[in-house]
Amino acid sequence: MSSTNDQIAGLFDDMATLLQMKGDSIFKVRAYQRAARTVEQLPMSLEKAVREGEDLKAIPGIGDAISKKIQEMVTTGRVDTYERLKSELPRGSLTFMNIPGVGPKTAVLIARETGAGTVEELERAILQGRLADVPRMGEKTAQNILRHVRRMRSKKSRVPIGDALPMAEEVISQLHQACPGLDRVSPAGSLRRSKETVGDIDIMGTSDDPDAVMDALVGLPQVREVLGHGSKKSSVVVQSGLQIDLRMVDADSWGAMLQYFTGSQQHSILLRDYANQRGLSLNEYGISDLESGALEKQADEEGFYRRLGLPLIPPEIREGMWELDLAREGRLPRLVEIGDLRGDLHVHSNWTDGADSLEAMVQAAAAAGLEYVAITDRSPGRGTSAGLSSKDLLDQVRTLASLGERCGIRVLTGCEVEILPDGSLDHPEDVLQQLDIVVASIHSALGQSPAEMTRRIVKAMADPTVDIVGHPTCRMVGSRESEGLDVEALFAAAAATGTAMEINGNPNRLDLKDSHIQRAVDLGVPLAIGSDARCIADLAHTRFGVAMARRGWCEAGHVLNTLPAPDLLAYLGTPKPHRRSLLAGRG
DNA sequence: GCCGTTTTCGGCCCGACTGTTTTCAGTCG
């Protein structure tokens with residue numbers, strides 16, 4: 001029997017809900033919710049941790065009872081308490097919790113009183129007027145539920161950051177154009193924390209004339225529906241189906257507001273608890289003294305944390321894990337920034353499946369201020385997309401010789417070589433040896449078992465010519481997860497052989513993902529942030545790679561392409577097992 | 001159910017909004 005961390009997190013979320021439906025202690029409910037959030041983000045597999053007898057109680061928010069339930073889930077595939085709780089409540093209760101505005105109390109009430117077990121049955125009950133008759137309901141509530149059920153159907157669930165961030169940036173730029181009085185403005189919520197997908201877009205701003213900004217938002221051409229239009233908060237749905245919430249706040253509370261609406265909720269709970277212990281109380285306007293009740297407004301976020309005796313905690317790690325403990329001890333890492341990247345180590349051209357020429361890509365990389373760029377076109381592979389034969393690759397190497405000088409950037413010759421199903425590489429060793437850098441990746445035979453995949457990648461890492469494993473887990477955001485792949489084994493091999501793992505910035509991949517990056521950092525695995533660009537515009541995808549790296553607590557010193565060009569070349573010129581010391585200790 | 005520079009017991013984040021209420025429960029972020 002096996003259970004993934006996500007399944008265990010889902011179980012704890014459901015348990016929290018069921019306990020709440022039963023009217024159990026809200027603190028017990030919150031304990032399960034916290035455990036769910038923690039498990040979801042854990043950098044290592046709980047199943048493996050249980051098998052190896054590790055102490056789960058060292059994990060924040062996991063104590064005696066929950067640790068036993070994790071063991072039960074991993075060893076038997078089910079948790080008795082959960083099954084029992086579920087059987088005590090009416091069918092449909094958990095389902096109705098997915099309807100916005102319907103919480104545990106309402107979900108049980110409508111399941112019990114209407115007898116509905118599915119959303120379709122509930123919809124029929126509402127149309128027949130059977131919900132409005134239920135005590136504590138009413139016509140208005142019934143119609144609201146109906147509206148939400150119908151909107152739920154047309155709304156897509158979560159949107160990748162690669163779509164959401166540009167959309168938010170466009171809206172912000174449109175608002176600036178329309179409203180000269182718009183002063184501060186920033187994304188908040190999960191978008192500001194750079195989660196790989198977001199449920200909606202939160203934007204906050206300050207202005208002398210907030211109404212004008214709100215009017216501008218609801219009047220934007222891409223707005224499909226206006227859900228709310230006030231002077232403090234407005235909500236719209238844009239063409240793509242994504243919801244955008246805009247809040248206009250007073251400038252003197254900007255810091256407290258931004259902190260509050262950035263979350264995460266778990267981070268807020270821990271921070272407020274921390275403040276309470278120091279005689280302070282936090283809300284979205286500022287910080288008040290518990291005794292006197294006097295409120296100090298906070299105009300900027302740094303001051304907000306400083307008032308609590310803490311350094312500014314970067315939004316990307318505000319997830320209620322270890323960030324508060326480390327902040328208190330002054331041991332927060334200095335997370336890698338986009339400006340730390342000196343080059344891009346994964347770029348394609350129209351010699352294979354890219355859209356732009358070698359020269360155009362190199363020029364664009366130079367214009368972006370990079371010191372170096374590696375051209376890494378695909379090998380023939382077994383797939384349909386045309387890769388470069390070994391002969392064409394060597395032609396490309398000769399073509400590149402003069403290009404860098406003309407464009408004012410160091411050009412590294414390279415390739416993205418396919419790791420064949422047996423773990424061998426798709427170019428002969430003597431060809432690969434002539435390149436500055438080799439990225440080895442998998443695009444074919446994805447149907448192999450996770451164990452075969454693991455062996456295949458580990459074998460490729462043993463090859464002395466392989467510098468980086470590209471998109472190492474072959475995941476695709478929202479559609480294909482790397483379940484079963486032995487990431488621990490990959491990282492162990494990477495550390496042992498001195499092979500770097502890529503953080504692929506293509507927003508459809510984001511591979512490694514945040515929790516894997518965190519684990520890689522812990523294990524001292526070298527990392528490389530690459531755009532995997534296929535056209536000039538894609539070069540900017542490194543910013544998504546950096547965002548994921550930051551969520552993975554990654555510092556500049558962990559990342560290969562923060563090295564200046566001469567240091568990187570010296571690194572690549574050193575035999576793999578001896579490279580580690582050249583990167584370690586930086587940043 | 002978790003947790004401890006006041007504690008192994010007694011605490012546990014905070015405010016806004018909504019609808020159905022005669023003073024508040026439920027939901028959300």
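Excluded from the calculations below are hydrogen atoms, water molecules and symmetry mates; all remaining heavy atoms, backbone and side chain alike, are included. The sequence lines fix the lettering, A, B, ..., with proteins before strands; numbering per chain opens at 1. Because the structure is a prediction, the values reported are computed rather than measured.
- Between A:R51 and A:E488 there is no salt bridge, since no side-chain N of the basic residue sits under 4.0 Å from a carboxylate O of the acidic one.
- As rounded to whole Å, 11 Å separates atom C1' of B:dT27 from atom NE2 of A:H148.
- Between A:D273 atom CG and B:dC2 atom P there is a gap of 16 Å when expressed in whole angstrom units.
- The side chain of A:T106 has B:dG26 as its nearest neighbour among B:dG15, B:dC12, B:dG26.
- Here the nucleotide nearest the side chain of A:S281, chosen from B:dG26, B:dC2, B:dC14, is B:dC14.
- A cation-pi arrangement is absent between A:R328 and A:Y274 under the rule of less than 6.0 angstrom and at most 45 degrees off the ring axis.
- Between B:dC13 and A:N276, no contact under 4.0 Å exists linking OP1 or OP2 to a side-chain N or O.
- The nucleotide whose nearest atom lies closest to any side-chain atom of A:E284 is, among B:dG15, B:dC14, B:dG26, B:dG15.
- Rounded to an integer number of Å, the gap from CG of A:L280 to P of B:dC14 is 11 Å.
- Closest of all the heavy-atom pairs between A:P135 and A:L109 is O-CD2, 3.7 Å.
- Across B:dT20 and B:dC24, the matching C1' atoms stand 9 Å from one another, rounded to whole Å.
- The residue among A:R272 and A:K105 whose nearest nucleotide of DNA chain B lies closer to the 5′ end is A:R272.
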Polar atoms only, N or O, under 3.5 Å: list the protein pairs with nucleotides 17-19 of chain B and their distances.
unit_1 : atom_1 : unit_2 : atom_2 : d
B:dG19 : OP1    : A:N144 : ND2    : 3.0
B:dG19 : O3'    : A:T141 : OG1    : 3.0

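- A:S253 contributes no side-chain N or O that, together with a main-chain N or O of A:A256, makes up a donor-acceptor pair within less than 3.5 Å.
- Annotation: B:dG11 and B:dT6 have their P atoms spaced 16 Å apart (nearest Å).
- Residue A:K48 qualifies as enclosed at atom NZ: its count of foreign heavy atoms under 6.0 Å is above 12.
- Residues A:A142 and A:S25 both approach DNA chain B. Their nearest nucleotides, taken by heavy-atom distance, put A:S25 toward the 5′ side.
- With P as the reference atom, B:dT18 and B:dC13 are 25 Å apart, rounded to whole Å.
- The heavy-atom pair separating A:A164 from A:I201 by the smallest distance is O-CD1, 3.5 Å.
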Hey, what are the protein-to-nucleotides 3-11 of chain B N/O distances that come in under 3.5 Å?
unit_1 : atom_1 : unit_2 : atom_2 : d
B:dC3  : OP1    : A:G61  : N      : 2.8

Cut-off 3.5 Å, no hydrogens considered: what does the side-chain donor-acceptor table look like for residues 55-62 of chain A, sequence neighbours left out?
unit_1 : atom_1 : unit_2 : atom_2 : d
A:D55  : OD1    : A:K57  : N      : 3.1
A:K57  : NZ     : A:D64  : OD1    : 3.2

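- Here the separation of B:dT8 from B:dC3, taken at their C1' atoms, is 10 Å to the nearest Å.
- The nearest whole Å value for the distance from the CE atom in A:M204 to the C1' atom in B:dG29 is 13 Å.
- If you check every strand for non-hydrogen atoms under 4.0 Å, A:V29 touches nothing.
- Using the six-membered ring where Trp is involved, A:F491 and A:H516 have ring planes that are perpendicular, over 60° apart on the 30 and 60° scheme.
- Listed candidates were B:dA16, B:dC12, B:dC2. Nearest to the side chain of A:R30 is B:dC12.
- A:Q174 and A:Q222 share a side-chain donor-acceptor pair at under 3.5 Å.
- A straight line from CD of A:Q33 to P of B:dG29 spans 13 Å, rounded to a whole angstrom.
- If you check every strand for non-hydrogen atoms under 4.0 Å, A:L271 touches nothing.
- The CG atom of A:D13 sits 15 Å away from the C1' atom of B:dG1 (whole-angstrom rounding).
- In this structure, A:H267 and A:Y305 have tilted ring planes: the angle between them lies in the 30° to 60° band.
- B:dG26 and B:dT21 have their P atoms separated by 13 Å, with the value rounded to a whole Å.
- Residue A:I269 is in base contact, counting any heavy-atom pair closer than 4.0 Å across all strands shown.
- For the side chain to side chain donor-acceptor pair (under 3.5 Å) condition, the pairs that include at least one residue of residues 206-221 of chain A, sequence neighbours left out, are A:D215-A:H229.
- On the P atoms, B:dG10 is 27 Å away from B:dG15, given to the nearest whole Å.
- Shown here for A:P507 and A:V477, the closest heavy-atom pair between the two residues is O-CG2, 3.6 Å.
- Ion pair A:R192/A:E301 flagged as a salt bridge, since at least one NZ, NE, NH1 or NH2 atom sits closer than 4.0 Å to an Asp/Glu carboxylate oxygen.
- Taken residue by residue, residues 244-268 of chain A places heavy atoms nearer than 4.0 Å to DNA chain B at A:Y260, A:Q265.
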For A:R37 and A:E40, what are the C-alpha separation, side-chain angles and deciding distance, and is it a salt bridge (charged side-chain N to carboxylate O under 4.0 Å, His left out)?
-> CA-CA 5 Å; A:R37 298 288 76 72; A:E40 197 169 66; 3.0 Å; yes
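- For the pair A:T542 (side chain) and A:G545 (backbone), a donor-acceptor distance under 3.5 Å is absent.
- Whole-Å rounding puts the A:I26 CD1 to B:dT27 C1' distance at 11 Å.
- Using modelled atom types, no side-chain atom of A:E170 and backbone atom of A:M167 make a donor-acceptor pair closer than 3.5 Å.
- Going from atom OH of A:Y274 over to atom C1' of B:dC2 covers 20 Å, rounded to whole Å.
- Non-hydrogen atoms lying under 4.0 Å from DNA chain B are contributed by nothing in residues 301-323 of chain A.
- Under the Watson-Crick or G-U wobble criterion, with both distances below 3.5 Å, B:dG15 is paired with B:dC28.
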